[in-house]
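One-based numbering, in listed order, for ligands and for the atoms of each.
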Amino acid sequence: MIPYGCHDIQESDIDAVVDVLKNEFLTQGTQVPAFEQALCDYTGAKYAVAANSGTSALHIACLAAEVGTGDWVWTSPNSFAASANCALYCGARVDFVDIDPDTRNMSTSALEEKIEHAKKQGTLPKAIVVVHFAGSSCDMKAISELTNPYGIVLIEDAAHALGGRDAQDNKVGKCTYTDMTVLSFHPVKSITSAEGGAVTTNSERFRQKLKLFSSHGITRDPAMLNTSDAQQSWFYAQLELGYNYRLSDLHAVLGKSQLQRLDEYIAARRERAKKYDQALPSLPIKKPLVDDNSAWHLYTIELTEHSRQYVFDTLRKNGVGVNVHYIPIHLHPYYQNLGFRKGQFTNAETYYDRALSLPLYPTLSKTDQQHVITQLEQVLS
Ligand SMILES: *Cc1c(COP(=O)(O)O)cnc(C)c1O
């Protein structure tokens with residue numbers, strides 16, 4: 001079966017990890033700060049704080065934004081559940097902003113309407129988690145112009161988008177218009193550290209909080225401790241209720257090694273996305289918008305005439321590992337129990353009913369991609 005996504009591990013990655021295994025530190029050594037610096041160098045952000053998953057990175061981003069009980073957090077329904085769960089972890093309430101049917105990202109006009117409505121109701125959100133679906137950046141400039149007047153914290157969920165750029169050609173992760181950007185290094189994403197994540201930011205205040213929450217809420221930094229005890233060299237203090245969300249040095253060195261090939265990976269993804277775009281002109285499908293700045297995490301088509309169940313099963317039977325991204329978050333039983341209902345975010349629901357992700361990853365061979373194209377043509381003919 002040709003998978004929908006696949007990581008790439010090379011000898012240099014293996015050597016880097018083995019090197020750390022032979023060193024003094026498996027965790028809390030030099031590799032995490034080095035990976036964080038490499039992420040800053042790549043994205044252009046001032047700071048990066050590593051975490052042991054994209055999900056924990058989303059959690060500490062919400063905590064750093066001071067999301068808590070009674071607050072609202074908004075996100076896109078067309079995402080992985082973690083984009084919304086992070087707000088619930090903090091005791092906040094979640095709501096969704098429907099997507100644009102063409103970009104499949106949070107609709108800027110729906111957001112504008114929702115802000116107007118919430119302003120009247122006094123229910124403006126503390127933070128918005130904006131998801132760059134499939135690796136294509138949302139219009140963060142326009143979104144920030146809508147949210148800035150109200151001091152809403154903007155968190156980019158860029159789990160799909162590392163290596164991509166926004167419409168103004170800024171690197172994703174630079175936080176040009178936003179407070180924080182969350183990255184994931186799960187094996188299907190742009191680069192992998194096995195499990196891992198990070199938050200980038202240009203704010204020293206957010207950096208400090210992210211660091212605290214990722215490591216028990218404990219610090220040894222005398223500048224953060226207004227007590228004379230801080231002069232004692234053994235002293236540390238817990239300032240917040242934090243977690244152990246630290247990335248290990250083994251994971252960090254793998255991520256750092258992979259980061260060196262990120263641009264090659266994105267170029268390879270783009271090339272394969274372009275191939276699909278050119279090879280599938282006359283089929284009864286809706287293709288993703290062409291976005292040369294996308295990181296092309298996914299290539300997702302919509303079936304405009306055929307039954308998704310039939311096409312999915314037939315392709316799977318013929319060795320094509322198609323997938324579906326995403327079941328709208330508000331349709332999961334857990335969210336239904338919170339009171340969400342089918343029919344609330346219809347663009348995301350209609351898109352979901354027809355969506356099919358084709359295999360796309362940097363090492364997808366020409367032969368395998370041709371097999372995907374031939375099989376798709378056959379099942380739709
Ligand atoms: C993968 C993913 C996450 C979670 O990242 P993990 O590293 O798997 O915890 C969050 N949001 C989106 C959109 C994702 O695709």
Exercise for the section: Walk me through it: do Glu349 and His330 pass the test side chain to side chain donor-acceptor pair (under 3.5 Å)? Expected result: CA-CA 10 Å; Glu349 292 168 18; His330 69 285; 2.7 Å; yes

Handout entry: Parallel, tilted or perpendicular: rings of Tyr243 and His59 (30°, 60°)
Key = tilted

Handout entry: Reported CD1-to-CG distance for the pair Ile285 and Leu358, which is rounded to 0.5 angstrom
Key = 7.0 Å

Practice task
Describe, in one word, how the ring planes of Phe133 and Tyr326 are oriented to each other, choosing from parallel (under 30°), tilted (30 to 60°) and perpendicular (over 60°).
Solution key: perpendicular

Kindly print each ligand 1 N/O atom paired with any protein N/O atom under 3.5 angstrom away, one pair per line, or none if nothing qualifies.
from: ligand 1; atom 1: 5 (O); to: Ser184; atom 2: OG; distance (Å): 3.3
from: ligand 1; atom 1: 7 (O); to: Gly54; atom 2: N; distance (Å): 2.7
from: ligand 1; atom 1: 7 (O); to: Ser184; atom 2: OG; distance (Å): 2.8
from: ligand 1; atom 1: 9 (O); to: Gly54; atom 2: N; distance (Å): 3.3
from: ligand 1; atom 1: 9 (O); to: Thr55; atom 2: N; distance (Å): 2.9
from: ligand 1; atom 1: 9 (O); to: Thr55; atom 2: OG1; distance (Å): 2.6
from: ligand 1; atom 1: 11 (N); to: Asp157; atom 2: OD1; distance (Å): 3.4
from: ligand 1; atom 1: 11 (N); to: Asp157; atom 2: OD2; distance (Å): 2.8
from: ligand 1; atom 1: 15 (O); to: His160; atom 2: NE2; distance (Å): 2.8
from: ligand 1; atom 1: 15 (O); to: Lys189; atom 2: NZ; distance (Å): 3.0
from: ligand 1; atom 1: 15 (O); to: Tyr326; atom 2: OH; distance (Å): 3.3

Practice task
May I ask you to say whether Glu66 pairs ionically with Lys209, meaning some side-chain N is under 4.0 Å from a carboxylate O?
Solution key: yes

Exercise for the section: Provide the full list of ring pair (Phe, Tyr, Trp, His ring centres under 6.0 Å) pairs with a residue in residues 259-292, sequence neighbours left out, each pair given once. Expected result: Tyr276-Tyr299

